[in-house]
Every structure is written in C-alpha cells, then in structure tokens.
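Only one structure is covered here, and it is reproduced in the block below.
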Amino acid sequence: MAQRTSGASVPSGPRPLSGVPVPAMASAGRRDAPEAPDFGILKRLARDQLIYLLEQLPGKKDLFIEADLMSPLDRIANVSILKHEVDKLYKVETRPAPSSSDQFCFLVRPRIRTMRYIADIVNADKMSGRSRKYKIIFSPQKFYACEMVLEEEGVFGDVTCDEWSFYLLPLDEDIISMELPEFFRDYFLEGDHRWINSIARALQLLNSLYGPFGRAYGIGRCAKMSYELLRDLEGESEGDGQGRKPEIGNIFLMDRDTDYVTALCSQVVYEGLVDDTFRIKCGSVDFGPDVTSSDKSIKVLLNAQDKVFSQIRNEHFSSVFGFLSQKSRNLQAQYDRRRGMDIKQMKNFVSQELKGLKQEHRLLSLHIGACESIMKKKTKQDFQEMIKAEHSLLEGFDIRESTSFIEEHIDRQVSPIESLRLMCLLSITENGLVPKDYRSLKTQYLQSYGPEHLLTFHNLKRIGLLTEQAAGETLTAVESRVSKLVTDRAAGKITDAFNSLARKSNFRAISKKLGLIPRLDGEYDLKLPRDMAYVFSGAYVPLSCKIIEQVLERRGWQGLEEVVRLLNGHEFSVADSAAEDSAAAEAQRVVLAVFLGGCTFSEIAALRFLGKERGCKFIFLTTAITNSARVMEAMTEARA
Amino acid sequence: MSRVRADEEEYWHSSKFRAFTFDDEDDELSQLKESKQAVNSLRDIVDDDDDDLERVSWSGEPVGSISWSIKETASSSTSPLEGRDSSLQKGSSSYAAFPKQVSSYSLSSLFKGRNKLPSFQSLSDALSDTGVKNYAPELRRPKAEYKDYSNDWNPKDTVRRMQRGKDKLVLLDEAVAGHDGNVITAVLIFLKRTLRREILFRELEVRQVALCHLIHFLKETGEQKLLLDLLRFLDRTEEVALSQYREHLNIQDVEKRREFLKGCIGLPFSAEDTSHIQDHYTLLERQIIIETNDRHLEMSGQSEIFKKYPRKASILNMPLVTTLFYSCFYHYTEAEGTFSSPTNLKKTFKIPDKQYVLTALAARAKLRAWDDVDALFTTKNWLGYTKKKAPIGFHRVVEILQRNNAPVQVLQEYVRLVEDVETRLSLATKYKCHDVAIETYKDLKDRIQLTAYKCKVERGSAEEEKINSVLNNMQIRWKN
C-alpha cells in the first residue's frame with residue numbers, strides 16, 4: 001500500500017500525479033456527475049444481522065427498543081420481519097415492564113441509564129422469584145462502562161450481551177447517517193472519544209463494500225483521529241476491501257467545530273426550512289393538521305423518491321412557490337386531457353397514468369400545505385428582521401444594531417433557543433462578546449428564561465460557542481469610540497475596513513481570505529444561483545463547503561496555509577496511489593463528505609450544487625443531521 | 001434611532017439581495033394560494049380511493065411501522081395473566097438451566113498487548129463460548145474479529161506487565177494513543193478501583209484526554225462526591241460550584257430547593273455568577289410567598305381578578321420575567337411595600353426599564369386595560385405638558401397591542417408614534433388605522449399614494465371623505 005501524507009509541516013513539493021489524470025474537481029467543461037454507489041446493501045446487512053442476533057435467543061420473546069433506535073429501525077425493517085422472532089414490542093422507558101414472556105431482549109444504545117433500567121427489571125424479577133432469559137443487544141457497540149454498571153447492579157451474570165453493528169443508515173441516495181446525535185455533545189463538550197471507534201468502523205465498513213478511498217483529506221482533531229484509527233483497523237484486517245475496485249475516489253472528513261457559523265444560520269433552502277420548522281427525523285417528517293388541512297397528521301418520507309420534493313428540496317424558498325404553481329398547472333392540464341377521450345383512451349389513462357397523477361397530486365398538496373404553514377410561522381416570528389440581523393452579523397456590519405435586536409428578542413421571551421443561537425452567532429463572528437455585552441445579555445437571558453441556564457452558559461463557554469473577549473482583546477477606548485461612530489453610521493465600506501483592522505476575529509479573517517461574503521453588483525438571482533451562497537440568500541458561502549471546494553480543487557492544502565492556521569490546524573491529505581490507480585475515472589469524481597458532529601441540509605444543498613457545477617458527486621456521511629436548534633439544545637441544561 | 005434606521009433601509013434597498021419578504025402578501029403567496037386552489041379542485045376527482053397511499057393509523061404512524069406497533073402494545077399491555085404466570089414460574093428449573101456468564105468484569109483483554117489497538121471484547125466474552133459464535137460469518141464482519149480471543153490473550157505477558165509498577169499508566173497512555181474512548185474509560189475504571197485517589201488524580205492532571213473521560217464518566221454514573229473531590233484537587237473551583245448548583249434541578253420540593261439554593265450562595269462562583277445565584281434564591285423565596293398568598297386568595301374566592309382569570313399554573317420555579325408578568329397581571333396596583341408588587345420586583349432584581357415596560361405592556365394589554373397602557377408611556381414635562389415616550393420602538397408597542405386585539409382607536413395612537421415613515425405606513429395599512437395613513441401621505445405630499453389608498457377605505461365612509469377633502473386642499477403643494 002503506497003501512501004504518502006502531507007501535513008502543514010511537510011514541504012509541499014510537486015506531487016506525483018496518479019495514473020488517471022482527472023482531478024476530482026476538473027472545472028473544464030460541465031460534465032454529468034457520476035451516480036452514487038448503491039447503499040441499499042447497508043440496510044440489508046443491518047437487517048440480516050439483527051435477525052441473526054434475535055435468532056440467538058430462540059423462541060418467543062419480548063423486544064424492548066430504545067426510543068431513539070425506533071425510527072432508524074423503521075427505516076430498515078418492519079414489524080412483519082421482526083414478528084416471527086418477536087412476540088411483543090416495547091419502548092425502553094421508566095415504567096416497569098408488564099409482561100409474561102420468558103425471554104426479554106433489549107435493543108439499546110450503550111448508555112448508563114439504560115443499563116440501570118434493565119438492571120432494575122432483572123432485579124425486580126429476581127425479587128419476585130420470576131425467571132427469564134435476558135439479552136442485551138447494543139447498537140452500534142457495547143461500552144465497558146455499561147458492563148461495569150451491570151456488574152455493580154449484580155445482574156452481569158444474568159444477561160447475555162451482543163453487538164448489532166448498525167453503524168450506517170442510508171437516509172437517501174446520497175446521505176448516510178450514523179444517527180448518533182449525542183456524538184456532538186460527547187466529543188465537543190465532554191471531550192469523550194468513545195464514538196471515534198464507531199466512526200472508524202463505519203468507514204471501514206464502507207471500505208469493505210465500496211473499496212478503499214484513493215484520496216483522503218480532513219481537518220479537525222477528531223477527523224484526524226478517526227482516519228488514523230481507520231488505517232490501523234485496515235492494517236489489522238489486512239484489507240478486506242483492498243481488492244475491491246474503488247467506487248468512492250475521495251473522502252473528506254471535517255469536524256463540526258471547524259465551522260459553527262454555518263450550522264447556526266437560519267436555513268432558507270426548502271429542505272432546511274422544513275427541518276427547521278417541522279424537524280425531519282430520520283428522513284421523514286410529521287406533517288400536522290395545519291399542513292394536511294385535515295384532522296390527521298401524516299408521516300412523509302422525504303427523499304429522492306418523492307418526485308415533487310426531489311425537485312424543490314435544494315431550492316431557495318422563494319423559488320419554491322413558482323415551481324409548485326407551475327407544477328399544479330401542469331397537473332391540472334394532464335387531468336383535463338380526460339375530456340374528449342374515447343373509452344379506449346380513457347381505459348389507458350386510468351390504467352397507466354392515473355396512479356402517477358394521483359401520487360403527484362398528493363405530494364403536491366402536501367408540499368403546498370407545508371409552504372403555507374412555513375410562511376405563517378415565519379411571518380409571526382419576525383423572520384425578515386431576524387435574517388437581516390443574521391446577515392449583518394455575517395458581514396460584520398452594524399453590530400450594535402444586531403446586539404440590540406438580540407437583546408429585544410430575549411426581553412420579549414421569544415424562543416429561548418433562537419435567542420441563544422443569535423448570541424452564539426454574534427460571539428463566533430465577533431470572536432467573543434465585549435465583556436459589557438456578555439454580562440448584560442447573559443443577565444437578561446437568565447431573567448427571561450430561568451436562572452438555571454447559568455449552566456447552559458457555562459457549557460457554551462467551554463465549547464467556545466459563546467465567549468467573552470479577554471481584556472487584552474478588546475479595542476482600546478479610542479478605537480471603540482471611533483468604531484461605534486463608524487458602525488452606527490452604517491457606512492458599509494469604511495466599517496469593513498475598520499473592522500478588519502480593529503478586530504482579531506478569526507471568522508472575519510477566514511471569511512475575507514476565502515471570500516465567503518460575495519461582493520457582487522446587481523441582484524442575486526436566487527432562481528439561477530451562481531455560487532453556493534444561494535443557500536443563504538446570496539449573503540454567505542457556507543465555510544465548511546468552501547473549504548471542501550478549495551481543497552478538492554487544489555488536491556491538498558497548498559496555498560491554504562493561512563486559512564488552516566486560522567482554523568487551528570489538524571489538517572491532512574493522504575493519497576493511496578494503489579487505490580487511486582485502480583479507480584475508474586467515474587469513481588474519482590465521487591467524494592464522500594464526512595461531517596463529524598452533524599451536517600445541515602443547507603450544506604448538503606450547497607455541495608449538491610457544487611457537484612452539479614463541477615461534474616462530481618458528493619455523498620454525505622454524518623454522525624447525525626443537525627441544525628441550529630439541535631446544536632443549541634445539545635448545550636442546554638434542562639430541568640431534570 | 002430614526003437616522004440609523006433610514007440609513008439601514010437605504011442599505012438594504014441598495015444592496016444586492018433581492019428583498020425576499022415573508023410578510024408581504026405579495027404575488028408569491030397569492031401564487032401559492034392559486035396553486036392550492038388548483039390542487040384542491042382536483043381533490044374530488046382523485047379522492048375516490050387512496051390505494052397507493054401509505055396506510056396510516058389514527059395516531060399518524062404508518063400502519064405496520066415499528067413505532068406504531070409499539071404504541072399498540074403499550075395500549076394493550078396489561079395482561080391479566082401476568083400475576084398467575086409468574087407464580088407458576090416460581091422455582092421452575094429453567095432459571096438454573098440458563099447458562100450464566102461469569103461475572104468477571106475484566107480488563108484482561110486490554111492486557112493482551114502487542115496490538116496497538118486494544119481488542120473490543122471483554123474477558124467474559126472471550127471465556128464464554130457464546131462470545132465468538134454470536135457473529136454470523138455471512139454478515140461480513142472484518143475477518144480480524146473472528147480470531148479466537150482466548151488464544152490472543154497472554155496471561156504471562158499481562159502479569160509481567162503488571163509487575164512493572166507504572167504499567168497501569170502505560171496502559172492508559174496506550175489507550176489514549178489508540179483514540180478509543182471506550183477503552184480509555186475501561187482503563188480508568190480499572191485504575192479507579194486499584195489506585196489511591198491522590199495518585200490517580202495526580203497522574204490524570206498531566207493526562208488531559210484521560211481526565212476528560214473520567215470526569216464525563218463520573219457525571220454519567222452520578223458519582224458526585226468523587227467528581228467534586230477531583231475538581232477540587234484540580235483547583236477547578238468554579239466547576240465545583242456549578243456542579244453542586246446543578247443538583248438543585250433534581251430537588252422537587254420547593255422548600256428543600258430553596259434551602260439548597262441558599263447553601264449555594266457561598267460556593268466559589270465568579271463574582272458575577274454569585275449575584276445570579278443570589279437572585280435565583282431570592283426569586284424562589286418570593287415565589288413561595290406569592291404562591292402561598294395567591295392560592296389562599298384564589299380559594300377564598302374573594303378576589304375579583306382571580307375569579308375572572310383563574311390561574312393556569314403555579315408561579316413556582318418560573319423565570320423572573322414570567323414572575324414579573326404575573327405580578328403585573330394580578331398585582332399591578334399594589335404598593336411597592338408588598339413582595340408581589342411589580343415595582344418591588346423591578347427594584348429588587350434591578351430589572352431594566354426596557355424589560356419592565358415590555359412585560360407590563362404585555363400584561364396590561366392582555367387584560368385590555370388600555371388606561372394602564374396609556375399611563376405606561378405618558379410622561380409629563382415640567383410645564384405639565386404630556387408626551388408619549390417609550391424605551392422600546394413604538395412599532396413593538398403596536399405589535400404587542402395588536403396581538404392582544406386592541407381596538408383601532410387605541411392602536412392608531414401608537415401607530416402614529418412610529419418614527420420610521422415606511423414602517424408607520426405599512427402598520428397603518430395593515431391594521432386599518434386609516435387616519436394615520438391619510439395624514440402620513442398628506443405630510444409626505446404624496447398625492448398618488450393617497451389616491452391609491454382610497455380603495456382601502458369603505459365607500460362613503462368618513463375616511464373617504466377625509467381623503468377627498470385632503471386631495472382637494474389647494475394649500476398642499478403635492479410632490480406628484
């Protein structure tokens with residue numbers, strides 16, 4: 001296996017180009033992007049292993065499923081598949097289980113509190129002299145700490161344990177999720193490395209099914225560790241997938257903390273808005289009565305199979321209406337063709353077209369309903385003003401005005417999560433809050449939403465999402481007076497020039513270096529986007545996506561040294577020339593983008609756009625789909 | 001403020017972003033409405049049978065989905081056979097026959113050495129024969145995992161390693177280098193059981209990654225005492241304080257919670273946080289007093305306000321602003337001396353004017369006490385002239401009043417005070433404050449807009465007459 005590494009310290013000489021002279025991001029001419037590999041096999045593997053594991057406990061049994069495993073399970077199996085193995089299904093929850101079954105099987109995440117729940121059940125049975133068999137199936141793997149708890153509770157000898165290696169759930173043709181939202185808090189807040197092994201194993205699984213990655217890039221500590229661990233695992237297993245023809249030419253791993261800004265922005269592409277408004281869970285969404293205009297809720301799968309959704313998911317919200325109305329006019333026209341048909345034509349129509357039209361009709365009315373509901377909600381929330389404040393923060397423009405907008409938001413007790421999000425956005429874009437603002441906003445926040453959020457603020461400080469500028473970092477008195485004058489007058493150019501001098505904000509510097517704020521004359525046509533900035537109304541190119549674009553274009557980090565320094569380093573770029581040589585040209589244009597700590601639908605839309613522009617295919621692997629609310633909730637200390 | 005606003009508007013109008021507005025009833029929304037109508041009109045053609053629709057149960061879950069069937073079991077789960085069944089099982093042989101695992105929570109697999117990567121199986125798995133054959137070969141697990149674990153495990157090696165005193169910590173360093181948090185925690189559990197606390201703490205001080213793991217582990221298992229000892233050893237006093245303060249979340253009884261919070265005041269918080277903790281305690285103390293009084297008042301049925309607007313929830317453990325709202329709602333006129341009066345709260349907690357006005361406004365508007373609202377913004381100067389002033393923008397005042405269904409007469413008084421002309425006009429139009437709109441157009445000398453406004457008022461109304469008289473006013477020099 002011929003591999004070479006280049007970090008920042010390694011002088012970057014001319015690298016030998018591999019056999020196939022097609023770089024991943026050849027910009028010459030537009031080509032059709034290659035197809036994504038078929039990920040359906042991942043579902044089959046997971047399902048088969050689960051059934052196999054359940055068969056290890058022969059006979060009738062009750063299955064207790066952890067709440068957050070239910071939706072992922074729904075995506076790979078249904079009741080009829082489980083039925084021949086399982087008598088009754090229960091949710092793991094606090095109440096004691098009322099069951100007469102002789103065998104209990106628990107399908108759980110490796111968590112301490114779940115272990116205690118199980119131990120309580122076992123011990124209660126022991127107390128009442130009831131004997132059963134207990135089996136715990138951990139997904140995706142077992143932790144030693146769990147065994148320790150079982151041992152301490154005195155039930156270790158009563159249970160058998162297994163692991164269900166369900167690492168990867170394909171949510172769509174190009175999205176794979178590990179469904180581990182807790183990764184974000186565990187790693188970035190607590191500094192716990194427990195999931196790194198799972199990530200490496202997930203990558204190893206992809207390797208064994210789709211061949212080795214020709215080129216690997218990454219940034220962030222976790223990205224680096226995961227990749228190192230993957231290589232160790234591969235070395236140990238003597239390359240299960242090494243013989244396979246590579247289907248995924250490139251992999252790019254990125255830690256979420258490389259770019260918090262993008263994750264904190266309000267989303268305005270359709271799929272992102274649907275996620276922000278209704279919460280997409282495991283690729284499906286519950287549309288309530290306000291959307292369905294009936295008295296029931298409907299669960300809808302949102303993916304490429306949905307013919308209406310697949311055409312609007314990546315669009316800016318403002319283009320969606322036009323599309324939907326065009327679509328409904330077409331539909332109307334197709335129905336109208338019935339008039340003047342003779343019997344035979346009618347028969348054909350009914351047997352061949354009607355079903356498709358009905359399906360389309362159903363989807364169309366759902367998405368129109370969703371749009372209406374989004375409009376209603378956003379209008380109520382001052383969305384317009386909020387977006388304006390956000391854009392000002394991104395541009396570093398009119399900071400005082402935005403600060404008082406946030407203050408008023410807090411004072412009016414509007415959503416606690418939104419207030420927190422805006423404060424964090426202010427903090428990251430400004431490299432921390434001025435101490436005076438920090439204190440005053442914090443005090444008002446505690447007064448509006450409860451004093452226990454003191455703990456939330458502590459978390460946010462530790463993770464670096466909401467910090468106070470150290471005394472040395474603040475502007476001198478004169479500077480700040482001038483700055484205030486200038487910003488208050490809202491004179492764009494002068495302010496910008498001044499800001500770049502006065503503030504040591506990394507985001508600002510990075511944004512300038514990478515040109516994240518498009519400086520364009522004229523109107524930004526959101527219907528015909530010219531760059532990835534369209535996902536934020538033309539105001540901002542998502543940092544994460546821009547880094548990926550730049551590195552792929554340069555086939556490494558050369559020329560990005562300053563950006564890397566500002567991003568705190570931990571970048572890498574590795575070429576496996578053997579794998580690269582054997583990969584077909586098509587595969588070289590496939591890029592697996594791995595987001596450690598969550599990926600937003602806006603980022604997915606931006607990279608899909610980039611892929612179309614550059615003729616390559618992005619596939620997304622994320623620990624979980626995220627958005628600003630999920631990031632904030634992960635930091636919030638709730639009442640017990 | 002108005003200048004900033006105007007400049008800002010100019011910026012936004014001149015900027016390259018097309019103003020995409022969510023709140024305008026512009027053609028995009030009407031487009032949407034059209035499409036909706038079109039689609040709805042098709043419904044009767046289509047709705048005959050929904051054969052290809054997903055079957056959905058009453059709760060909205062697709063029938064046959066796992067979440068659905070779990071709900072089904074939950075609703076029919078109390079089996080009458082339960083009790084009898086368990087008594088029958090008592091003493092049955094199946095219990096003993098069940099092969100037990102040896103309870104030997106073990107780290108031995110970690111000691112097997114040489115491999116840089118520790119194995120992921122525990123000893124118990126390695127010893128019990130089920131461990132290995134649990135994995136189906138056809139599931140494509142990497143071959144490496146099928147190794148016979150007991151062969152891999154070399155006791156001699158382990159013992160030799162353990163004899164070399166420091167080896168336990170080498171183990172820890174290896175685990176950290178292996179990037180596997182699960183293994184790191186496992187080693188820590190082992191060290192925690194076998195090393196003296198001081199030694200463990202001291203060694204962890206220079207091993208930050210491992211330290212994080214231990215702290216997280218202690219938090220998860222709830223070993224609070226050890227956690228506090230560790231944090232104290234590390235001199236992380238603020239975390240000691242926060243960690244103790246966190247415990248109040250688990251105390252349900254308010255009296256006990258209050259006592260606990262009182263104890264928190266002395267903890268080593270930063271000066272800033274100490275005052276927040278003090279406030280937290282004072283707030284709960286107040287809430288307990290208010291709650292006791294008001295519950296009594298409400299029960300006795302003697303208070304009009306409680307009869308008319310019965311309390312929906314207790315005020316205990318609510319945020320300060322909610323408490324202020326409550327007090328503005330039920331105790332607005334009370335003298336400053338009482339604990340429940342708004343002015344007392346304002347003073348005790350140093351609530352900023354802006355916050356106070358917003359909250360009082362919301363509370364009085366909810367009660368439709370328009371006189372109180374009026375008084376909130378009226379100031380007298382030394383000559384006795386009255387003037388309306390607000391620490392928040394009047395557009396906010398309008399918004400809050402409107403949300404509480406204020407009548408047009410009340411609303412228009414505040415719409416008139418909105419400084420920014422554009423905002424004033426849009427609010428006036430939106431909420432049908434015709435007089436304000438007409439006067440504003442008149443001030444702007446905008447004949448075209450004023451003429452256009454005629455269609456917004458009722459025909460033959462006083463407003464229409466007013467527009468006509470303004471339009472016919474020869475004194476005005478129209479700009480268009």
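Keep in mind that the numbers below use all heavy atoms, side chains included, and drop hydrogens, waters and symmetry copies. Numbers restart at 1 for each chain; the letters A, B, ... are given by sequence-line order, proteins then strands.
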Any salt bridge between B:Asp273 and A:Lys442, counting N to O under 4.0 Å? yes
Starting at NE2 of B:His276, measure out to CZ of A:Phe457 and round the result to the nearest 0.5 Å. 8.0 Å
Between A:Met148 and B:Phe217, does a side-chain contact (heavy atoms from CB on, under 4.5 Å) hold up when you go through it step by step? CA-CA 11 Å; A:Met148 187 216 71; B:Phe217 174 77; 3.6 Å; yes
Does the pair A:Asp382 and B:Arg396 meet the rule for a salt bridge (charged side-chain N to carboxylate O under 4.0 Å, His left out), with working shown? CA-CA 11 Å; A:Asp382 280 332; B:Arg396 271 288 169 248; 3.3 Å; yes
Rounded to the nearest 0.5 Å, how far apart are CD1 of A:Ile196 and CG of B:Asn182? 12.0 Å
Partner chain A: residue of B:Lys350, B:Glu238, B:Glu399 with the largest heavy-atom pair count (under 4.5 Å): B:Glu399
Sort B:Leu358 into side chain, backbone, both or neither according to what part of it lies under 4.5 angstrom from a heavy atom of chain A. side chain
For A:Asp192 versus B:Gly181, what's the shortest heavy-atom pair and its separation? OD1-CA, 4.3 Å
Taking atom CG of B:Asp279 and atom CG of A:Leu446, what is their separation to the nearest 0.5 Å? 9.0 Å
Are side-chain heavy atoms of A:His458 and B:Glu239 found at a separation under 4.5 Å? yes
Please classify the contact between A:Gln326 and chain B as side chain, backbone, both or neither, with a heavy-atom cut-off of under 4.5 Å. neither
How long is the gap from OG1 on B:Thr359 to CG on A:Asp411, to the nearest 0.5 Å? 7.5 Å
Rounded to the nearest 0.5 Å, how far apart are CZ of A:Arg113 and OG1 of B:Thr221? 13.5 Å
Contacting region of B:Glu272 [heavy-atom separation from chain A under 4.5 Å]: side chain
Closest non-hydrogen atom pair between A:Leu229 and B:His179, with its separation: CD2-O, 4.0 Å
Part of B:Tyr245 within contact of chain A (heavy atom distance under 4.5 Å): side chain
Chain A heavy atoms under 4.5 Å from B:Ile277: which part of the residue, side chain, backbone, both or neither? side chain
Nearest heavy-atom pair of B:Pro319 and A:Ser448: which atoms, and what distance? CB-O, 3.3 Å
With a 4.5 angstrom heavy-atom cut-off, is it the side chain or the backbone of A:Thr443 that approaches chain B, or both, or neither? both
When every non-hydrogen atom of A:Glu190 is compared with those of B:Cys212, the smallest separation belongs to O-CB, 3.4 Å
Report the C-alpha distance between A:Arg194 and B:Glu220 in whole Å, list the side-chain angles of each, state the deciding distance to 0.1 Å, and finish with yes or no for salt bridge (charged side-chain N to carboxylate O under 4.0 Å, His left out). CA-CA 13 Å; A:Arg194 57 166 61 142; B:Glu220 282 193 314; 2.6 Å; yes
Pair B:Lys354 + A:Glu407: basic N to acidic O under 4.0 Å: yes
What's the spacing between B:Asp180 CG and A:Tyr144 OH if we round to 0.5 Å? 8.0 Å
Which of these, A:Gln447, A:Arg412, A:Gln444, sits in a side-chain contact (heavy atoms from CB on, under 4.5 Å) with B:Val321? A:Gln447
Is B:Gln208 close to chain A through its backbone or its side chain, or both, or neither, when contacts mean heavy atoms under 4.5 Å? neither
